[in-house]
Amino acid sequence: MKIMTNYSNAIKGLLGLLKGLKITGVEFFKPQLTIHYPRKEVTNLATYRGHIDLVAKEDAPLEPKCIICGKCAEVCPSACISMEMHVKGEQSFASPAECRTITVGHGIEIPFSGLRLPPAEVIERELDSFNLDYNYCSLCGLCVQICPVGSLTFSKDSYLAGTARKNFEFDLLQRLRERSRRSSQTTTAQEKR
Amino acid sequence: MTPSDNTTMQNILSGDYYTNNFTLSPAAEGDTLVLNLGPQHPSTHGVLRVVVELDGEYILKAEPVLGYIHRMHEKMGEVKTYAQYLPNMGRVDYLHALAWNWAYVAAVEKLAGVAVPLRAEYIRVITCELNRISSHLLWWGAYLLDLGAFTPILYAFADREKIMDILQIVTGSRLTYCYYRFGGVSADITPDFIDMTREFVGYMRDRLPMYKTFVTENMILRGRCVDIGVLSKEMAVRYGATGPVLRGSGVAHDTRKIEPYSIYDRFDFDIPVGKNGDAMDRYDVRIAEIQESLRIIEQALATLPAGDYLNPDVPERITPPKGEVYFAVEGARGKIGIYIVSDGGIKPYRLKLRAPGFSNLHLFAELSQGTILADAVSILGSLDLVIPEIDR
């Protein structure tokens with residue numbers, strides 16, 4: 001009796017193997033799903049949410065929409081964002097240093113300044129630099145959501161790679177200006193053509 | 001101490017605290033071998049370490065050692081504002097990140113009395129169930145990989161990739177999602193998302209019979225799963241097991257049915273349960289859950305209402321009143337619970353995460369006693385452990 005069950009088990013096992021081989025065989029002749037990266041790229045990068053970037057004003061492509069309220073720096077869980085600024089017409093501003101006291105401990109100490117700058121109408125100010133330390137960013141998107149003027153957006157930079165910490169410390173204002181200059185150059189080049 | 005002394009094993013091994021303080025099983029007669037399974041071992045997912053005492057190939061005693069990727073998630077909750085803690089939730093259980101997202105935002109919403117628009121609830125259900133399927137698919141592939149079958153994981157990943165593409169449209173990421181916000185979700189779903197999800201539901205339904213012929217009915221798999229690691233109803237309850245591990249033992253306990261949160265009471269779905277509580281039952285429950293999740297997604301898509309995806313009245317800096325709250329959701333691995341104590345400030349006073357994997361793992365010590373080592377690997381895999389969730 002036991003021999004019989006052994007035989008039937010062996011036959012069942014063999015059948016199972018054949019079924020498996022059939023499925024593998026069918027799959028073998030289906031189009032390949034793997035995308036061989038350096039030669040080909042995936043097509044859904046448009047929905048990728050990369051690190052943040054500043055958004056330029058519609059009428060002034062070199063100037064960001066940012067009103068320097070500091071909300072993004074305050075909400076950031078890892079204290080990635082800091083900025084430098086000055087009052088319009090002056091060279092330095094007393095509170096930027098205090099406003100930037102948010103880089104302590106990178107997420108372990110609470111990155112919360114407790115100090116809100118006065119609204120932009122009271123003291124008009126200009127951005128000197130908008131620093132993003134991408135090393136600590138966890139791509140949560142809280143800064144983009146909290147921005148009251150829509151000055152932050154996600155970049156589509158999914159192939160970002162670097163060998164040093166410095167490669168991931170960006171001045172977003174500079175990036176914005178370079179981007180705008182590049183795009184204006186290409187448009188003028190196209191117009192010339 | 002003489003070499004014949006039972007405790008000398010600890011002196012001979014120049015291990016760490018756990019190996020040095022490992023008490024040999026009283027059943028040990030003569031030579032036994034103490035072996036470290038992990039922390040880096042191909043059949044333990046992540047960095048789980050199990051100290052096992054072997055008599056030949058039989059396990060006399062198994063002791064899980066935890067803490068290799070402890071990241072102080074609970075303590076981190078006490079030093080961050082409520083919103084700043086959101087990205088942590090995607091990293092506790094990276095396979096079913098959205099369930100953790102949900103448990104946390106819902107706990108804070110309950111404490112602060114924030115209303116969630118109906119559309120947002122639907123979006124949460126759809127995305128969370130998609131994420132559950134992707135988690136079960138990965139488990140399916142990885143479990144079979146443990147048992148020595150390599151090909152299935154490739155099929156599982158091909159299907160899982162589709163879910164990740166869908167979820168990327170709304171969440172922007174592919175694994176560690178941070179999508180839910182207090183009072184809704186961070187982005188509305190797009191027509192693209194709806195079309196792709198509809199297509200996926202049909203695709204996955206066609207795909208499941210293939211899984212069945214390919215793997216579930218395979219004699220070799222059945223030999224490794226049937227009657228292996230039989231977990232009785234009483235033992236599962238005693239250890240506080242939840243999720244497919246508990247349901248595999250025949251207890252129809254699903255948080256979505258027992259304490260319906262959000263809008264789960266509007267959908268028609270069943271709770272698959274097993275009979276014997278062996279590894280095969282836990283396997284079957286998970287495969288059946290994929291089907292149930294597809295049913296929920298289909299119903300949710302059919303009745304998706306229009307409206308806001310985020311409650312516009314939620315303040316930028318949420319400060320719940322003084323008090324405490326507990327909220328539980330059903331994750332892919334079981335009941336996820338978040339307990340928050342608020343002192344009325346901008347950050348929680350205390351935050352406790354209840355990870356289902358923690359309870360499920362501790363079953364292993366008792367379940368594996370007396371089994372052979374190869375079966376222990378099968379049992380460990382059938383519990384579907386995610387170590388970051390257990391260590392937190």
Side-chain angles (χ1 to χ4, degrees), chain A residues 8-24 26-28 30 32-35 42-50 69 71-72 74-79 104-105 107-112 114 116 136-148 154-156 158, chain B residues 72 75-76 78-81 83-91 101 149 151-152 154-155 157-159 161-162 164-174 176-179 181 186-187 190 192-193 196 209-223 310 316-317 345-347:
Chain A
S8 73
N9 276 353
I11 290 165
K12 272 187 205 161
L14 208 61
L15 273 175
L17 277 180
L18 285 176
K19 277 180 191 164
L21 277 176
K22 188 190 156 202
I23 290 165
T24 314
V26 171
E27 291 287 328
F28 186 75
K30 280 187 185 167
Q32 209 173 40
L33 292 172
T34 317
I35 289 159
V42 287
T43 49
N44 60 352
L45 288 182
T47 52
Y48 177 75
R49 225 165 61 171
C69 61
K71 279 183 184 173
C72 51
E74 195 181 293
V75 79
C76 179
S78 325
V104 194
I108 292 163
E109 192 70 29
I110 173 167
F112 176 69
R116 278 277 169 86
Y136 299 101
C137 175
S138 50
L139 296 170
C140 63
L142 288 169
C143 48
V144 177
Q145 202 191 346
I146 209 164
C147 184
F154 297 108
S155 68
K156 309 284 172 219
S158 63
Chain B
M72 319 188 293
K75 188 69 193 168
M76 269 198 228
E78 294 171 23
V79 295
K80 285 167 179 274
T81 62
Q84 282 176 343
Y85 194 59
L86 283 170
N88 283 53
M89 287 292 100
R91 286 152 178 87
N101 268 241
T151 332
L154 301 175
Y155 296 126
F157 266 62
D159 296 345
E161 203 72 14
K162 285 186 186 289
M164 277 152 58
D165 284 349
I166 294 172
L167 287 177
Q168 188 189 318
I169 296 174
V170 286
T171 65
S173 27
R174 293 173 76 80
T176 50
Y177 309 114
C178 174
Y179 179 48
R181 299 284 191 267
S186 72
T190 58
D192 256 11
F193 176 92
M196 279 171 82
M210 183 278 270
Y211 281 23
K212 199 177 168 203
T213 19
F214 191 36
V215 178
T216 317
E217 286 173 353
N218 190 298
M219 283 290 288
I220 304 165
L221 174 93
R222 297 198 84 87
L310 186 65
E316 272 170 12
R317 197 187 298 148
I346 55 162
K347 40 187 186 170

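Below, chains carry the letters A, B, ... as their sequence lines are ordered, and counting in each starts from 1. Keep in mind that this is a model prediction, so the values were computed, not measured.
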* Structure fact -> Whatever's closer than 4.5 Å to a heavy atom in chain B on A:Thr34 counts as neither
* To do: Measure B:Ile169 against the heavy atoms of chain A and call it side chain, backbone, both or neither at under 4.5 Å.
  => both
* Asked: Listed by chain and number, what are the side chain to side chain contact (heavy atoms under 4.5 Å, CB included) partners of A:Leu139, not counting sequence neighbours?
  -> A:Tyr48, A:Tyr134, A:Cys137
* Structural part of A:Leu33 lying under 4.5 Å from a heavy atom of chain B -> side chain
* Asked: If you tally heavy-atom pairs under 4.5 Å against chain A, which of B:Arg91, B:Arg174, B:Arg222 wins?
  -> B:Arg91
* Structure fact -> Residues at least two apart in sequence or cross-chain that pass side chain to side chain contact (heavy atoms under 4.5 Å, CB included) with B:Leu310, listed by chain then number, are A:Gln145, B:Arg181
* Asked: Would you say A:Lys22 has more than 12 foreign heavy atoms packed within less than 6.0 Å of its NZ?
  -> no
* Asked: Are the side chains of A:Ile23 and B:Tyr211 in touch, meaning some heavy atoms are under 4.5 Å apart?
  -> no
* To do: For each of A:Ser138, A:Ala46, A:Gly13, tally heavy-atom pairs with chain B at distances under 4.5 Å, and name the one with the top tally.
  => A:Ser138
* To do: Quick one: closest heavy-atom pair of B:Ala83 and A:Leu142, and the distance?
  => O-CD1, 3.3 Å
* Structure fact -> B:Gln84 and A:Val75 have their tightest heavy-atom pair at CG-O, 3.1 Å
* Say you draw a straight line from CE of B:Met196 to CG of A:Asn44; how long is it, rounded to the nearest 0.5 Å? -> 7.5 Å
* Asked: Which pair of heavy atoms, one from A:Thr24 and one from B:Tyr155, lies closest together, and at what distance?
  -> CA-OH, 3.5 Å
* **Distance (rounded to the nearest 0.5 Å) between B:Asn218 CG and A:Lys19 NZ** => 9.5 Å
* Which answer fits B:Tyr179, side chain, backbone, both or neither, if we ask what part of it has an atom under 4.5 Å from a heavy atom of chain A? -> neither
* To do: Against chain A, label B:Thr171 side chain, backbone, both or neither, depending on which of its atoms sit under 4.5 Å from a heavy atom there.
  => backbone
